[in-house]
Amino acid sequence: MKLKDVCVDIWDCPHSTANDEGEGYPLIRTPNIGKGRFILTGVHRVCEDVYHIRNKRAIPQDNDLIFAREAPAGNVAIIKNGQKFCLGQRTVLIRPDQNKVNPDFLTYFLLAPEQQHSLLKTANGSTSSHVNMKTIRELQIDLPNRDYQDKASLILCEYDELIELNRRRIVILEEMAMRIYREWFVYFRFPGYEYCEFENGLPKGWNLKSIGEIISFDRGCSYTSDEIDVEEGVNLVNLKNMKPYGGYNYNGLKKYAGRYNESHIVNKGDLILGVTDMTQDRRTVGSVALIPHYSETSIISTDLVKVNSEIPNIFLYSMFRFGGYSKHLSEFANGSNVLHLKPSSIRKELILIPTMRIIDLFDVQISPLIEEMETLTCQIDRLIDMRDRLLPQLMSGQLEI
């Protein structure tokens, strides 16, 4: 049996780009396709006319799957809850025949190691793997009976629902933190603003300072391939630990067995900034994250810098993430395939620094929100790890249900 035999149809995306219009319908590009669920942080949006043009072949609907043909090739996610999407480049719309296969099961089935190997072994491309349409349609599959499909997918869906619940809670917390930051430092409605004097449009005592005046950067440790992914060594915090557009990803950690120095070491609460992006989307370059607690020694890789300042890290983290500074600084990165940001190129950029009293008050307000976000992120990463361990066993029939 082939994949096309259990599908109503499989459609390729339009071979054209669509500009991000900032609002409207989500345009699903390959970075937005996770493992089973969509990643809508930073998603591009288009107007209704563009939505209909891009969906001329087929309108994505509930229980349809969207497959990433490259960057990262092989990821697939299922549409749920009436989500209205249109296809970006290098994506494929798969509509399962629900009389023949459970759509959730098919999603997980395509993500299992055996199917991923079959899909990717013939992938080609000079800069990134690319899966062609024939490989997708002709993929050989051997599905279990429908009762097993329903039970297996139910188990895995429960993990994904918990993951999504925690992600929604994080979004709410981030929105709260962003509202507080903008209320205080954009609209100047901070505690006591009613009695504050203003000079040249700024609260008295607040100053515009260059990044170079208040921040220094320590570049991470360079390494060779034979020094990482070893069984014993120090923790190497690397680009995979940076979530798109900011935040820390626990799953990206590697082990490193080479040399390092004191400036490479990071501890809980340290602020790191991405200076590399493997794509042209500027998802990690300029973005920031706070280091969580690790009992072992941890260092950062050369794709990251440690931010050093007398200004508290919670304020700087919020300023970069919620004040738009990360997005602004990402524009200083350049490169034809891989983007690089030189810290020296941003030293003259101005940032607004309030009084230490206001910064300390802000720290008291935001720290609990940041801590809760970190706790939820850790729970998500553990759930993902548990789900990913179960997935191949359930898809191969190794576990009885």
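- In this structure, N238 contributes its side chain and L236 its backbone to a donor-acceptor pair below 3.5 Å.
- No donor-acceptor pair closer than 3.5 Å links the side chain of N249 to the backbone N or O of M242.
- Looking only at distances, a side-chain donor or acceptor of D5 sits under 3.5 Å from a matching main-chain atom of K2.
- A salt bridge is defined here as a Lys NZ or Arg NE, NH1 or NH2 lying under 4.0 Å from an Asp or Glu carboxylate O, and E138 with K4 meets this definition.
- For the residue pair Y108/D160, the side-chain donor-acceptor check at 3.5 Å is satisfied.
- To the nearest 0.5 Å, atom CG of residue L27 and atom CG of residue N32 are 7.5 Å apart.
- Here CD of E372 is found 6.0 Å from CZ of R169. Values are rounded to the nearest 0.5 Å.
- With hydrogens and angles ignored, the 3.5 Å screen pairs a side-chain donor or acceptor of N75 with a backbone N or O of I33.
- No side-chain donor-acceptor contact under 3.5 Å links S298 to the backbone of V266.
- Side-chain atoms of Q116 come within 3.5 Å of backbone N or O of G74 as a donor-acceptor pair.
- Environment of CD in E231: sparse, with no more than 12 heavy atoms of neighbouring residues, nucleotides or ligands closer than 6.0 Å.
- Applying side chain to side chain contact (heavy atoms under 4.5 Å, CB included) to V237 and the options I299, D270, I272 leaves one that passes, I272.
- Dense packing is recorded around CG of N261, with more than 12 heavy atoms of other residues, nucleotides or ligands lying under 6.0 Å away.
- Checked for salt-bridge contact, E175 and R168 miss the test: no charged N lies under 4.0 Å from a carboxylate O.
- A salt bridge does not link D388 to K35: none of the charged side-chain nitrogens sits closer than 4.0 Å to a carboxylate oxygen.
- Here the straight-line distance linking atom CG of L304 with atom CG of L271 works out to 11.0 Å at 0.5 Å rounding.
- Residue R347 qualifies as enclosed at atom CZ: its count of foreign heavy atoms under 6.0 Å is above 12.
- Environment of CZ in R182: sparse, with no more than 12 heavy atoms of neighbouring residues, nucleotides or ligands closer than 6.0 Å.
- For the ring pair (Phe, Tyr, Trp, His ring centres under 6.0 Å) with F185, the qualifying choice from F322, F315, Y325, F190 is F315, the only one to do so.
- Judged purely by atom type and a 3.5 angstrom limit, S287 uses its side chain to pair as donor or acceptor with the backbone of R283.
- A donor-acceptor pair is defined here as one N or O able to donate and one able to accept, closer than 3.5 Å; no such pair exists between the side chain of D104 and the backbone of S153.
- Closest non-hydrogen pair, A68 versus T30, comes out as CB-CG2, 3.9 Å.
- By the neighbour-count criterion of 12 heavy atoms within 6.0 Å, atom CE of M178 is densely surrounded, having more than that number from other residues, nucleotides or ligands.
- Around the CD atom of E197, the shell of radius 6.0 Å holds no more than 12 heavy atoms that belong to other residues, nucleotides or ligands.
- Other residues, nucleotides and ligands contribute only 12 or fewer heavy atoms inside 6.0 Å of the NZ atom of K240.
- Checking T377, D381, I291 one by one against Y248, the side chain to side chain contact (heavy atoms under 4.5 Å, CB included) holds for a single residue, I291.
- Under the salt bridge (charged side-chain N to carboxylate O under 4.0 Å, His left out) criterion, E183 pairs with R189, not counting sequence neighbours.
- Formation of a donor-acceptor pair under 3.5 Å by the D97 side chain with backbone atoms of N99 is found in this model.
- Within 6.0 Å of CG in N19 there are 12 or fewer heavy atoms belonging to other residues, nucleotides or ligands.
- Counted by atom type alone, R219 and S263 present zero donor-acceptor pairs between their side chains at under 3.5 Å.
- Remark: side-chain polar atoms of D277 are paired, donor with acceptor, to backbone N or O of R282 under 3.5 angstrom.
- Nearest heavy atom pair, residue Q149 against residue N102, reads OE1-N, 2.9 Å.
- For the atom pair CD1 of I170 and CG of L165, the computed distance is 10.0 Å after rounding to the nearest 0.5 Å.
- Between A18 and V46 the shortest heavy-atom distance is CB-CG1, 4.2 Å.
- If you run side chain to side chain contact (heavy atoms under 4.5 Å, CB included) between Y25 and each of H44, R45, E48, only E48 comes through.
- Of all the heavy atoms in T41 and Y245, the pair that sits closest is O-CE1, 3.7 Å.
- With contacts defined as side-chain heavy-atom distances shorter than 4.5 Å, the pair N55/P60 qualifies.
- For the pair F217/V275, no side-chain contact is recorded, criterion being any heavy-atom separation below 4.5 Å from C-beta on.
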Sequence neighbours excluded and cut-off under 3.5 Å, please list the side-chain donor-acceptor pairs for residues 83-93, or say none.
residue : atom : partner : partner atom : Å
Q83     : OE1  : K80     : N            : 3.0
R90     : NE   : E70     : OE2          : 3.1
T91     : OG1  : G88     : O            : 2.8

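- A salt bridge links D12 with R69; the closest basic N to acidic carboxylate O contact falls under 4.0 Å.
- E400 pairs by the side chain to side chain donor-acceptor pair (under 3.5 Å) definition with nothing, not counting sequence neighbours.
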